[in-house]
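Proteins get letters first, then strands, A, B, ... in listed order; numbering begins at 1 in each.
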Protein chains: 2
Amino acid sequence: MTERKPRADAARNREAVLAAADALFARCESPAAVTMADIAAAAGVGKATLFRGFGDRTGLIHALYEARLAPVRRAAEEGPPPLGPSTPPSERVPALLDAVLCFKLDHRHLALALEGTGGDSPYAAGHYTLWHGTLRDALDRVPGLADSDFTAHALLAATRADLVEHLVGHEGRTREEIRASLAAFTARVLHVPAPPH
Amino acid sequence: MTERKPRADAARNREAVLAAADALFARCESPAAVTMADIAAAAGVGKATLFRGFGDRTGLIHALYEARLAPVRRAAEEGPPPLGPSTPPSERVPALLDAVLCFKLDHRHLALALEGTGGDSPYAAGHYTLWHGTLRDALDRVPGLADSDFTAHALLAATRADLVEHLVGHEGRTREEIRASLAAFTARVLHVPAPPH
DNA sequence: GTACGATGCGGACCGCCGGTCCGTTTCATG
DNA sequence: CATGAAACGGACCGGCGGTCCGCATCGTAC
């Protein structure tokens, strides 16, 4: 058995830390304004508990992001259409992108914290590789579309957290406007005429 | 006259700092590994000179980026086709994007330092607004293309520095491969059938 | 219930970095 | 050459990410 049963208080603290971090990132303007000490204080634990449980700051952010992303990820991996794998590509590609976009809209503060971690690029993170791979595979099945790898990168780039933040915060776009824009852009890339709506 | 003649040594130091910073960012793996003290030492000046001349770290990076970008910017603002304003849109849009991409390929270290500055989003920077505005205006003149604002954002997002870095560093793509991929993607968005090559 | 080893805890502590301060040096001008 | 202004530089500061170690708590075996 490589599995070790974690102690009860450790699990409880882990959840408290994730909840406190989520709340703090949501409340504060910039992710950089949230310090490890802040999170520890808000969770009612010592600083060392953070680092023991998550390694370092980026580890904590990754864990938090991953925890919130899990439902969407599962819906895309094994859920029903239009997100699940049984969906035809021309329908699944827009659905996947819309799901990513909605997640980033709902969790802008987390996405900003993750992508703005500085040192390590967001393209090294596991979840990016997953989205990119899923999208690439779907694009491979779209007739007449070459270079699915770059296309997947480019489409995902249109959902970058700081771009979304800019659209919402500085250009004053609403959630539905942005979703419509991305859908139209995606349709254009897929060579499907946009629905008149 | 609002212009004040700067002292000779100040101008000299300014250039030395820019050159030293450029070299350091190019040499080091991560932009975060280059400290202000490093730059000051490499330029042979005191730390205070950096902050007096550029305000803070992001100011220095902005100034350096802007200095290196100036030629491309001028070519786009008042140069001859295919970059200049007299070019027809269907030709100018790919040319603008290719110019941005090439600049980021040539100055990856600077682009990474700029976009990875953390706190402030790259979308607030003046040069982004400029590229976006130019591209949007060109897209406005492409028949049948609505939502030029978002389209400009999305196309520019495909040239993000960390994406370029990922393609070159982790996927092993060559410069020409990436340029071809972006050109094909752009053509697809413009509904122009890609050239048979 | 109790004794005991292992696991986890917490906050004082460290090194480093961005940014500031102020006594000193260098430039420009008449 | 004298003098005021402008720029210099490195010691200094506050704060942050990350570590360390003595102490508390948990789970277990009897």
Side-chain angles (χ1 to χ4, degrees), chain A residues 1-21 24-25 27-65 112-114 116-120, chain B residues 1-21 24-25 27-65 112-114 116-120:
Chain A
M1 279 324 217
T2 65
E3 290 293 314
R4 304 290 304 250
K5 188 168 67 175
R7 246 168 65 169
D9 54 348
R12 193 163 13 93
N13 278 336
R14 187 180 174 90
E15 285 312 308
V17 167
L18 287 178
L24 279 180
F25 280 124
R27 172 165 30 224
C28 297
E29 277 308 304
S30 163
V34 178
T35 76
M36 293 287 113
D38 290 340
I39 298 174
V45 302
K47 265 177 61 176
T49 300
L50 300 197
F51 291 97
R52 200 176 315 106
F54 302 96
D56 59 5
R57 183 186 165 92
T58 76
L60 168 56
I61 295 174
H62 267 85
L64 178 53
Y65 191 84
L112 278 172
L114 184 75
T117 301
D120 49 336
Chain B
M1 277 321 219
T2 67
E3 289 294 314
R4 306 289 305 253
K5 188 168 70 176
R7 250 169 63 170
D9 52 350
R12 194 164 11 95
N13 278 335
R14 187 180 175 89
E15 285 312 308
V17 166
L18 287 177
L24 278 180
F25 280 124
R27 172 166 29 222
C28 295
E29 277 307 304
S30 164
V34 178
T35 75
M36 294 287 112
D38 290 340
I39 297 173
V45 303
K47 264 177 60 176
T49 300
L50 301 197
F51 292 97
R52 200 176 315 108
F54 302 96
D56 58 5
R57 183 187 165 93
T58 75
L60 168 56
I61 295 175
H62 267 86
L64 178 52
Y65 192 84
L112 278 173
L114 183 75
T117 302
D120 49 335

Taking atom [atom2] of [N] as reference, at what distance in whole Å does atom [atom1] of [X] sit?
X: B:Arg14; N: D:dA6; atom1: CZ; atom2: P; result: 18 Å
X: B:Phe51; N: D:dC12; atom1: CZ; atom2: P; result: 18 Å
X: B:Lys47; N: C:dT20; atom1: NZ; atom2: P; result: 10 Å
X: A:Met36; N: C:dG10; atom1: CE; atom2: P; result: 16 Å
X: A:Asp38; N: D:dG15; atom1: CG; atom2: P; result: 12 Å
X: B:Leu50; N: C:dG18; atom1: CG; atom2: P; result: 10 Å

message = Could you check whether any side-chain N or O of A:Arg14 sits under 3.5 Å from a backbone N or O of A:Gly53, counting only pairs where one atom can act as donor and the other as acceptor?
response = yes
ask   = What string of B, S and - do you get for nucleotides 25-30 of chain D, 5' to 3', when a contact is any protein heavy atom under 4.0 Å?
value = BSSS--
Can you name the nearest heavy-atom pair linking [X] to [Y], along with the distance?
X: A:Met36; Y: A:Arg57; answer: CE-CG, 3.1 Å
X: B:Ala43; Y: B:Ala16; answer: CB-O, 3.8 Å
X: A:Phe25; Y: A:Ala113; answer: CE2-CB, 4.0 Å
X: B:Phe51; Y: B:Asp56; answer: CD2-CA, 4.0 Å
X: A:Ala40; Y: A:Leu50; answer: N-CD1, 4.0 Å
X: B:Leu64; Y: B:Ala21; answer: CD2-CB, 3.9 Å

message = Looking only at the side chain of B:Ala48 (C-beta and beyond, no hydrogens), which of the listed nucleotides C:dC13, C:dC9, C:dC21 gets closest?
response = C:dC21
inquiry  = Can you list, in residue-number order, the parts of residues 52-61 of chain A that come under 4.0 Å of DNA chain C, counting heavy atoms only?
reply    = A:Arg52
query = Between atom OG1 of A:Thr49 and atom CD1 of A:Ile39, what is the distance when rounded to the nearest 0.5 Å?
reply = 13.0 Å
query = 5'-most contact on DNA chain C: A:Ala11 or B:Ala37, nearest heavy atom basis?
reply = A:Ala11
inquiry  = Tell me whether the side-chain N/O atoms of B:Thr49 come closer than 4.0 Å to OP1 or OP2 in D:dG9.
reply    = yes
task = Look at A:Asn13 and C:dG8 and indicate whether a side-chain polar atom (N or O) is within less than 4.0 Å of OP1 or OP2.
result = no
query = Is B:Leu60 close to B:Leu18 at the side-chain level, that is, under 4.5 Å between some pair of heavy atoms?
reply = yes
